[in-house]
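Here is the structure we will look at, set down as structure tokens.
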Amino acid sequence: MSRRGDVIRGLYEAFAQALGPSRWWPGETPFEVAVGAILTQNTNWKNVEQAIANLKAAGAMTEKGLRALSPSVLEDLIRPAGYYRVKTKRLTEFLDFLEQESGLDIEALRGESLHDLRPRLLSVRGIGPETADSILCYALDMPTFVVDAYTFRMFARHGLVHEGMDYHELQESITDALPQSVTDYNEFHALIVRASKEWCSKSRPRCAACPARGLLDDPERLPQ
DNA sequence: ATCCGGTCCT
DNA sequence: AGGACGGGAT
């Protein structure tokens, strides 16, 4: 009966009602989802789409196809996504991980437990908590919730982020309010991203038009 | 000019 | 805690 849980479930309800089903993550295969998760780090998804198109055109949107590329060619293909030098290293580290953990086949990770796999993913250089959870939830259908900059911003505006709150604290506060379900974790994060682009933008948020405006502390005094 | 489904290094 | 990484869209 916490107000925090009520607000969190209320956000989910409001966005689900307004936006409908999301069918996330954009990506045709689990491997493409994982690659997209790395490429979109602090980067506009629109730019990532170009990099993904380049990789597909080069036959590099499979484990073996990507492995066959030289670093300089890979850099050129993913350049539109920005940070192309560090991201080339991160994709290579991820392939190294797949090679030793799963015989270069991401699907082989499905047999693993979330509890065992998550820390191993986090040990890969360039894969932090958000990227790890994105891969686990959206590529492997495991019940872990993705927290991102959109989540922090939206939840802060609703008074749900306390001073110094870190990734795992916010994550736990959200999953505590929801059924432990990969379907709900998947959908709620997708709705947060869509709603953030639609209404909860960083500058000039469109609170008056937001389906969640009624959940604000004081709906009469809107942010900015 | 500002912003972007972060993460690592110093 | 502060900085580096970066091209593309709005």
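Order of the sequence lines fixes the chain letters, A, B, ..., with proteins taken first and strands second; residue numbering starts at 1 for each chain.
- A/V33 comes within 4.0 angstrom of nothing in the nucleic acid, heavy atoms only.
- Note on A/Y84: a side-chain N or O is less than 4.0 Å away from OP1 or OP2 of C/dG7.
- Atom pair A/E75:CD and C/dC5:C1' shows a separation of 12 Å (rounding to whole Å applied).
- Comparing C/dG6, B/dG6, C/dA9 by their closest approach to the side chain of A/K46 singles out C/dA9.
- Contacts of A/K197 with the nucleic acid, taken as non-hydrogen atoms under 4.0 Å apart, include base atoms.
- For the pair A/W45 CH2 and B/dC4 P, the computed distance is 16 Å after rounding to whole Å.
- Looking at heavy-atom distances under 4.0 Å, A/A37 makes no contact with the nucleic acid at all.
- The nearest whole Å value for the distance from the CD atom in A/Q41 to the P atom in B/dC8 is 8 Å.
- Checking C/dA9, B/dC3, B/dC8 against the side-chain heavy atoms of A/R90 singles out B/dC8 as nearest.
- Distances were taken from every side-chain heavy atom of A/K202 (C-beta onward) to each of C/dG8, B/dT7, B/dC3; the shortest belongs to B/dC3.
- The distance from atom CG of A/D76 to atom P of C/dG8 is 12 Å, rounded to the nearest whole Å.
- Within the nucleic acid shown, A/I127 comes within 4.0 Å of sugar-phosphate atoms alone, with no base atom in reach, counting heavy atoms only.
- Two residues, A/Q50 and A/N42, neighbour DNA chain C, and the one matched to the more 5' nucleotide by heavy-atom proximity is A/N42.
- Side-chain atoms of A/S196 and A/K202 include no donor-acceptor pair closer than 3.5 Å.
- Residue A/H115 qualifies as open at atom NE2: its count of foreign heavy atoms under 6.0 Å is 12 or below.
- Summarising the geometry, the separation between CZ on A/R85 and C1' on C/dG6 is reported as 8 Å, rounded to the nearest angstrom.
- Between A/R79 and C/dG8 there is no side-chain polar atom (N or O) within less than 4.0 angstrom of OP1 or OP2.
- Across all strands shown, A/R194 has no heavy atoms under 4.0 Å from either base or sugar-phosphate atoms.
- A/Y138 and A/D133 share no side-chain donor-acceptor pair at under 3.5 Å.
- Distance noted for atom P between B/dT10 and C/dG6: 16 Å (whole Å).
- The side chain of A/T43 lies closest to C/dG6, out of B/dG6, C/dG6, C/dG8.
- The base of C/dG7 is paired with the side chain of A/N47 by a donor and an acceptor separated by under 3.5 Å.
- Distances were taken from every side-chain heavy atom of A/V86 (C-beta onward) to each of C/dG7, B/dT7, C/dC5; the shortest belongs to C/dC5.
- Heavy atoms from other residues, nucleotides or ligands lying under 6.0 Å from CD of A/E13 number 12 at most.
- A/D148 and A/T151 are linked by a side-chain donor-acceptor pair at a separation below 3.5 angstrom, with hydrogens and angles left out of the test.
- Comparing C/dG7, B/dC4, B/dG6 by their nearest atom to the side chain of A/R153 picks out B/dC4.
- The closest side-chain donor-acceptor pair between A/Q41 and A/T131 falls under 3.5 angstrom.
- B/dA1 atom C1' lies 13 Å from atom CZ of A/R204, rounded to whole Å.
- One atom, CG of A/N44, and another, P of C/dT10, lie 8 Å apart when rounded to the nearest Å.
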